[in-house]
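The chains referred to below are lettered A, B, ... by the order of the sequence lines, with proteins before strands, and numbering in each begins at 1. Just so you know, these numbers use all the heavy atoms, side chains as well, and skip hydrogens, waters and symmetry mates. Every value quoted in this text rests on a predicted model; they were computed, and no experiment measured them.
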There are 2 protein chains.
Amino acid sequence: MNSARRQATRQKLYEAAVTLIAEQGFSSTTVDEIAERAGVAKGTVYYNFASKTELFEELLRHGVGLLTRSLREAAEAGVKTSGRHVDALDAMIRAGLDFIARYPAFTQLFVAELWRTNRAWQSTLLMVRQDAVTVVATVLKDAVDAGELSEELDIPLTASALFGMVLVAALDWQAFQPERSIDDVHAALSRLLQGRVASG
Amino acid sequence: MNSARRQATRQKLYEAAVTLIAEQGFSSTTVDEIAERAGVAKGTVYYNFASKTELFEELLRHGVGLLTRSLREAAEAGVKTSGRHVDALDAMIRAGLDFIARYPAFTQLFVAELWRTNRAWQSTLLMVRQDAVTVVATVLKDAVDAGELSEELDIPLTASALFGMVLVAALDWQAFQPERSIDDVHAALSRLLQGRVASG
DNA sequence: GTTTTTATACTGACCGGTCAGTTCAATCAC
DNA sequence: GTGATTGAACTGACCGGTCAGTATAAAAAC
């Protein structure tokens, strides 16, 4: 059980499912399509996952796991180089952009599901969302504690707003201006964040 | 044709469809459900709209029409009172929050579909998105032309980022902290936007 | 001012297709 | 030789769209 071979099959199924569901949505994506895209028999899907829904839930956990790990590592590395927590924040924005550039399909799918209610996987989604927001909020809190950011900062709301800013800007970048470099996008967002927008 | 009665039926169908699709997504929402929620027979749906997809597309146009009108009015009123374009921007943020508070279901649905590809209504979505972003970008451009914002400002990307900031913060507010007042949320976003985040 | 006609709006049973999930004997790979 | 995969057939619930018929109200005919 859980052999390397099986792991590889599951990975193929994740990759097939993520692009199809990002394009078409969960309900319009058929299990037959997923199996075909993954180059696997339909029976294999049900040998590896209890249901279509469970495949999707594990996919969510898998993807958000990658994101949070990447954000955490960026934050740690960012604070280590300069000792300033705002640099950790900036490094996290960069890591977010990297993630979205690398896994655009997962990001689309995540956004599409995030604020839906009454879905089978709602509790799973709430948990993984909490994981991701916590990483951002923690860095914000550290920066406030260190006196780098105002004590009046509304941490949870700001974490959400930052998350949204990066998310929407990056998705628009991917969808409508894919020729731009990541450095370019990163610079524009950093500027906006650091209040260097006002003229003079 | 286009009688008051028919208009009323279409309105009922919009209202029924928007909440159901926001909760469940387009594909998981059945025409039977929409009809039942609207208190109307299934045939009536097809008497008023050519297909489920067309109902959805007209719903998108209808909703984004409301949003852009509201943003435009806010921007005009905002610039009139003080003559400063950054106040128009702030007024637009407020109008965005108002809209999301008033039509949360439409907002959810719009976000969920915005970055999907390969969907029947993609072109419709692209058009209405363009309408909305243009309103924001226009105000940004006016502010830059008036010397209130830096000339180096990346207008389209900043417009997207602002849009995302307000969108995600507001959806999180609605979903996870609905007890907070709109003034409170508005203040936090204004602060973030105007660079009053850094301490000191 | 009552009957007839017409146009529009609405109804709901029904049909044909689709799809998640099941089953299982046969084959493969380590 | 045991765990993993295949492939194909099958089931049954579900759903988008259709259509013959009904309801309503206003105009036309008498």
Side-chain angles (χ1 to χ4, degrees), chain A residues 1-60 62 109 113 116 118-122 124, chain B residues 1-60 62 109 113 116 118-122 124:
Chain A
M1 55 172 77
N2 233 358
S3 67
R5 187 182 172 202
R6 196 168 176 181
Q7 245 355 69
T9 302
R10 292 169 71 101
Q11 183 64 32
K12 279 194 293 183
L13 284 170
Y14 284 155
E15 282 164 19
V18 77
T19 55
L20 287 168
I21 295 178
E23 283 169 6
Q24 306 175 337
F26 177 81
S27 310
S28 323
T29 302
T30 70
V31 174
D32 286 297
E33 277 177 314
I34 296 173
E36 194 191 341
R37 169 84 64 111
V40 137
K42 187 178 183 179
T44 306
V45 176
Y46 285 94
Y47 182 77
N48 283 281
F49 298 95
S51 65
K52 183 186 172 187
T53 302
E54 213 199 81
L55 162 56
F56 183 60
E57 288 190 81
E58 296 205 17
L59 172 58
L60 282 175
H62 181 73
L109 162 169
E113 294 297 333
R116 277 214 210 304
N118 292 344
R119 308 238 70 186
W121 48 79
Q122 243 234 304
T124 299
Chain B
M1 54 174 76
N2 234 358
S3 68
R5 186 183 176 194
R6 194 167 177 180
Q7 248 350 72
T9 303
R10 291 169 72 101
Q11 184 63 33
K12 278 194 292 182
L13 285 169
Y14 283 154
E15 281 164 19
V18 76
T19 55
L20 286 168
I21 296 178
E23 283 169 4
Q24 305 174 335
F26 176 82
S27 308
S28 318
T29 300
T30 69
V31 176
D32 285 296
E33 278 177 314
I34 296 173
E36 195 192 340
R37 169 83 66 109
V40 136
K42 187 179 186 176
T44 305
V45 177
Y46 286 93
Y47 181 77
N48 283 281
F49 299 95
S51 65
K52 183 186 172 187
T53 302
E54 214 200 78
L55 162 56
F56 183 59
E57 288 189 83
E58 296 205 16
L59 174 58
L60 281 176
H62 182 73
L109 162 170
E113 294 298 333
R116 276 214 212 301
N118 291 343
R119 307 238 73 187
W121 50 81
Q122 244 234 302
T124 299

Checklist entry - Within a radius of less than 6.0 Å around CD of B:Gln11, do more than 12 heavy atoms belonging to other residues, nucleotides or ligands occur? => result yes

Next on the checklist: I'd like to know whether CD of A:Glu36 has more than 12 heavy-atom contacts from other residues, nucleotides or ligands below 6.0 angstrom.
Outcome noted: no

For [X] and [Y], work out which heavy atoms get closest and say how close.
| X | Y | answer |
| --- | --- | --- |
| A:Asp32 | A:Lys42 | OD1-CD, 3.3 Å |
| B:Phe26 | B:Ile21 | N-CG2, 3.7 Å |
| A:Ser28 | B:Arg119 | OG-NH2, 3.2 Å |
| B:Arg6 | B:Tyr47 | NH2-O, 3.2 Å |

Checklist entry - Is there a salt bridge (Lys or Arg N to Asp or Glu O under 4.0 Å) between B:Arg116 and B:Glu113 once you walk through the steps? => result CA-CA 5 Å; B:Arg116 276 214 212 301; B:Glu113 294 298 333; 3.6 Å; yes

Checklist entry - What is the distance from CD of A:Gln11 to P of D:dT5, rounded to the nearest Å? => result 14 Å

Next on the checklist: At under 4.0 Å between heavy atoms, how does the protein contact nucleotides 10-30 of chain C? Give one character per nucleotide, 5' to 3', with B, S or -.
Outcome noted: BBB------SBBB------S-

Next on the checklist: With a 4.5 Å cut-off on side-chain heavy atoms, are A:Arg10 and A:His62 touching?
Outcome noted: no

Checklist entry - Tell me, which of residues 12-20 of chain A have any heavy atom that sits under 4.0 Å from an atom in DNA chain D? => result none

